[in-house]
6 protein chains.
Amino acid sequence: MTDIQGEFDLMERNLYSAVISDVLDDLGYTYKNRVMRRDIRPLYPEAVVAGRAAPVLATDIYEIRENPYEGEIAYVDSLEKDDVVIASTGGSDRYGIWGELLSTAARVRGARGAIIDGFTRDVKRILEMRFPVFASGINPLDSKGRGWIVDHDCPVQCGGVLVNPGDIVFGDLDGVVVIPKKDAHKAISIALKRAKKEDLTRKMLMEGAFLRDAYEKYGVL
Amino acid sequence: MTDIQGEFDLMERNLYSAVISDVLDDLGYTYKNRVMRRDIRPLYPEAVVAGRAAPVLATDIYEIRENPYEGEIAYVDSLEKDDVVIASTGGSDRYGIWGELLSTAARVRGARGAIIDGFTRDVKRILEMRFPVFASGINPLDSKGRGWIVDHDCPVQCGGVLVNPGDIVFGDLDGVVVIPKKDAHKAISIALKRAKKEDLTRKMLMEGAFLRDAYEKYGVL
Amino acid sequence: MTDIQGEFDLMERNLYSAVISDVLDDLGYTYKNRVMRRDIRPLYPEAVVAGRAAPVLATDIYEIRENPYEGEIAYVDSLEKDDVVIASTGGSDRYGIWGELLSTAARVRGARGAIIDGFTRDVKRILEMRFPVFASGINPLDSKGRGWIVDHDCPVQCGGVLVNPGDIVFGDLDGVVVIPKKDAHKAISIALKRAKKEDLTRKMLMEGAFLRDAYEKYGVL
Amino acid sequence: MTDIQGEFDLMERNLYSAVISDVLDDLGYTYKNRVMRRDIRPLYPEAVVAGRAAPVLATDIYEIRENPYEGEIAYVDSLEKDDVVIASTGGSDRYGIWGELLSTAARVRGARGAIIDGFTRDVKRILEMRFPVFASGINPLDSKGRGWIVDHDCPVQCGGVLVNPGDIVFGDLDGVVVIPKKDAHKAISIALKRAKKEDLTRKMLMEGAFLRDAYEKYGVL
Amino acid sequence: MTDIQGEFDLMERNLYSAVISDVLDDLGYTYKNRVMRRDIRPLYPEAVVAGRAAPVLATDIYEIRENPYEGEIAYVDSLEKDDVVIASTGGSDRYGIWGELLSTAARVRGARGAIIDGFTRDVKRILEMRFPVFASGINPLDSKGRGWIVDHDCPVQCGGVLVNPGDIVFGDLDGVVVIPKKDAHKAISIALKRAKKEDLTRKMLMEGAFLRDAYEKYGVL
Amino acid sequence: MTDIQGEFDLMERNLYSAVISDVLDDLGYTYKNRVMRRDIRPLYPEAVVAGRAAPVLATDIYEIRENPYEGEIAYVDSLEKDDVVIASTGGSDRYGIWGELLSTAARVRGARGAIIDGFTRDVKRILEMRFPVFASGINPLDSKGRGWIVDHDCPVQCGGVLVNPGDIVFGDLDGVVVIPKKDAHKAISIALKRAKKEDLTRKMLMEGAFLRDAYEKYGVL
């Protein structure tokens, strides 16, 4: 991508996860786990994020270690422009790995949002700052003595999808899609066209057409 | 019902699922599974729907069949005035069987809403059009190559309740109730009276009364 | 506490569950189950409650008993100023133990809110009256013939936490924390200070600091 | 039943839960929840039980009450010849409500077995005494301070089936069926005939017949 | 495969699912879902099966259709030598799709076993005939009015693995592995060699060696 | 303990988890999570183990690391006489962390058994060698590229119980109990006496006594 940021802005303004998912189906990614589990939800309905995956992997621990936050700090301070936090706690139900101060620090570094397969906290303030956080749960417990960063910039499983560093992610109210980097331009361009066909279909339906006729004419549904 | 539509409008304006559920208890339907599982939730808090059940049954498939949408199209184009879509995907967690274009097409045919034991997508646009959709989940994946319509106008299980074509359904923020058709008029009339007693109870409580005295006076709780 | 109500008002205005949870960690309550399961959620995002735990314990039954509501009525009429309802239905998925008339009656007695490990109903009206109810689900079914009050003013397990009568509870959008009574004053005072450090950390981050430097300066995260 | 015990012995020797379930389907009980959830399993493969349901209902508590076992003792000492224990702990995962001493005491009173929607303990000794116990789990924790008998000789839900005192229950390696008392004789007599047809079908299949021909001849499958 | 049956017999005698799974890892199938979910369990510990996948797909229905068993009959009568039944009921918890008469008919046609993502019944008799059945549950309820065959000889998902007609399956006490047909010969030959290295490792360990030295020598674990 | 091994042998011969759990209740450990979750099951009914906890902690990873087994090897080679393996994979459903070669190596080092909050494989051979393994599941997948040892000789959560290095564990067909080290002698001595009272109670019941009388005489149940 010659102009990555412009592309991400364009995606956030004009695309939605359902149309991207449909395009990935047509490009042959059907059955290939490109859409995260439905329990990864945005914290607010208008949340939209597109960007470059920056994964981090955590595990449960059961004692307070020295420098309990060293992994979180190193990870967040390493974030770059247009990154999207992709964090996995391996399904832990013991703590919130993400929160408002991390959101603030991540945004200052240039990150566009966060997808958390795990819990988040400080939700009220995250809502106020409108940082698009998607998470599988909300919980006030801190990571100290409960979670530990195993690694970052490594492959992780997030919402059931294997995410590699640099993959393109897109999230909105319908869910989160992971786009194969090499097909990203192509997928976006097809998705924009497809969205237009959906607009025409909708218009035809609202004028009273039967679904069969609209689908025959535009081929989308 | 001599004036079905009037009745449905009346229900949507004046009743709520809890009072209907209580009346069904008193009419002897206790323990008889008339209320859907609590994970069937409205997409927005103000969603209210009353109407005639129009069931459709889907199953999971694992290959792209010819004419992948023929079942959905035939079903939606067959909807009539005052119908409520009742769709069951048998608990599939692989795709969204409902979306915004189907909502638009259904509304044009006269449908009043949709109850989906399965996932829906295009939620942002469904919120904009204020079509009362209740679903057990949200997910951007399309049904093509994932789901297939087995039949429509047949009994289905939706949210744990066996729903037959023509049953009366009512949904609001508390959940979804299925009313036996033959007792619908009676249930509505009793429910309207009961709602008034609840208003009187509330008034008495807000004036400082103990619950015991209010319950002894009006007999509702 | 010499001025209990003032303290609860202060807590509701200035504290949040995450900072209280962190303070309890530092006071040695780590691993000790002071935070409820994440499925106990507030009915609306702004809900905040602090107060004295008033537990009630229910069990499932399968027949309509005489005086079906006698336990609920006795319990609600016994509530006192600054109490918070703590109700447990033992994970029942069959009925809503809480609703709007009970909320109204409880508020008139002086209760500040309700934490329900179970279902609630009449949610639309509870939203209107802004009574802070936290529950693990929503369902229109009544307790008559389904639930029975075993006891009140006894220890209960709510959201996975053992709550004793008189414990201090605090709930907001992040979740619900149970504070040991004997350390309540201390915890509140430390939490207020900690909240200020978080404000300073946030400010420093927004001015562009790295997380490492902000954490080294203020020691919170 | 003129000779109840003879009937139960006959059932245990000659019938099995699958054929009884099929007969109940044909008698019109389809969809009516006559078969318990599949997680109610026998402790050993040869366990078979037929008898009269003697239900008992327990709830979770969180303190040690006076006379912690008074409910269990009263219940077990009240058992009569040909009874089958039907115990429900409401899905508690905290303790084993049944064990070997209760099994011994129940057998001495004449009980034929036990169906536990909950946990059992002392499994090694129960295996040795060959008392047919079916349970949804195994756990060494005692009921003292954890469970409390709410009532016995009352309707309970066990394995998802509403069981009334006096219902006929039958359990084997496939699961547990609850037979409506009024149709018990009829169901048993039809089931014995049906079992014979299955024997003939099996014989024909083993001689090389296609399933279609065997089913056309005997009408069972 | 020039001598398919010989190969399957050889596999059943000399291989086990863990060594096959390891070989598939080394051939590059890691992360590719070649091992079924762990809840697909053999009915008896000695059950072993190798053969050619013959898939069948069922869906839940809620009414008794004409010729309720026509799909099951057509499927079982179509089975050929060395087939293994691969049945999926889409996670239904309402009925047993497999049983003893179907096992008898399948064996007579030449089938070597059955893998059921769903429930089975008549378990006692299946144990007696030693037909290797693997299933995700046991339940006495019949499919009539509950399940319907959608298709057979089509791709299905079984135990979380996409299985195509003709894939090679292997099941034993550890679980069920699906081997890509094109690599079957290669995988078997490597697996046989690897099994020998495991024998040597075991011998060395039993003579007192440390694991580090045994692993350095033979490279398996 | 002056003669630790003798003590463990004695425990395995004469005690059972239920009586130890009862004694821990009486010593004041009620409600304190000393009994593991019921899904940690022995691989064979006669499995019994007593010994000293040697914990190891694993996390999920998603790439093949260099020296993929270095953590397992270091851990197993560090085991000492009378140790019991306590392994936690944090609820991973992706691989078996334990198997037969590790069992063989562990036994040679003097370990008495293994408790796995996670999956095991090679079950057929583990059954043959009669090494008492308890696990929450069975699965043929290897840990390479799926699991990674985070630490050993550290606190872990296993079956819901926090286990510290050196704690005493006891497992049998009823489940697994963790005994506080400082009270181990006392608990064992009380448990042996209590087991005798249970023998007397059983004898009295088998002679026809009512439970009430037997409980009044011996005080156990």
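This one's a predicted model, so the numbers in the text were calculated from it and none came from an experiment. A, B, ... follow the sequence lines: proteins, then strands. Residue 1 opens every chain.
The choice from F:Gly175, F:Ala214, F:Gly208 that makes the most heavy-atom pairs within less than 4.5 Å of chain D is F:Gly208.
In this structure, chain D has a heavy atom under 4.5 Å from the backbone of F:Ala209, while its side chain stays farther away. Proximity to chain F (any heavy atom under 4.5 Å) is restricted, for D:Arg109, to the side chain, taken from C-beta onward. Contacts between D:Ser103 and chain F at a heavy-atom distance below 4.5 Å are absent for every atom of the residue. Of the atoms belonging to F:Tyr215, it is side-chain heavy atoms, and not backbone ones, that fall under 4.5 Å from chain D. Heavy-atom distances place both the backbone and the side chain of D:Ala74 under 4.5 Å from chain F. With a 4.5 Å cut-off on non-hydrogen atoms, D:Val123 touches chain F through its backbone and its side chain both. Proximity to chain D (any heavy atom under 4.5 Å) is restricted, for F:Arg41, to the side chain, taken from C-beta onward. In this structure, the portion of F:Asp199 lying under 4.5 Å from any heavy atom of chain D is its side chain and not its backbone. Heavy-atom distances place the backbone of F:Met36, and not its side chain, under 4.5 Å from chain D.
One finds the CZ atom of D:Arg125 at 4.0 Å from the CZ atom of F:Arg202 (value rounded to the nearest 0.5 Å). Taking CD1 of D:Ile64 as the start and CG of F:Asp26 as the end, the distance is 7.5 Å to the nearest 0.5 Å. Here CG of D:Asp122 is found 9.5 Å from CG of F:Asp172. Values are rounded to the nearest 0.5 Å. A distance of 12.0 Å separates CD1 in D:Ile138 from CG in F:Asp39, rounded to the nearest 0.5 Å. One finds the CG atom of D:Leu141 at 10.0 Å from the CG atom of F:Asp174 (value rounded to the nearest 0.5 Å).
Within a 6.0 Å sphere centred on NZ of D:Lys124, heavy atoms belonging to other residues, nucleotides or ligands number more than 12. The number of heavy-atom neighbours closer than 6.0 Å to CD of D:Glu46, taken from other residues, nucleotides and ligands shown, is above 12. Heavy atoms from other residues, nucleotides or ligands lying under 6.0 Å from CE of D:Met129 number more than 12.
Here the shortest heavy-atom pairing between D:Glu72 and F:Leu211 reads O-CD2, 4.5 Å. Contact between D:Leu101 and F:Leu205 at its shortest, heavy atoms only, is O-CD1, 3.6 Å.
Between F:Leu221 and D:Leu102 there is a side-chain heavy-atom pair separated by less than 4.5 Å.
Judged by distance alone, with hydrogens and angles left aside, the side-chain atoms of D:Asp77 form a donor-acceptor pair with the main-chain N or O of F:Arg212 at under 3.5 Å.
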| task | Begin with the C-alpha distance, continue with both residues' side-chain angles, and end with the deciding distance and a verdict on salt bridge (Lys or Arg N to Asp or Glu O under 4.0 Å) for D:Arg121 and F:Asp22. | result | CA-CA 12 Å; D:Arg121 58 182 207 163; F:Asp22 288 355; 2.8 Å; yes
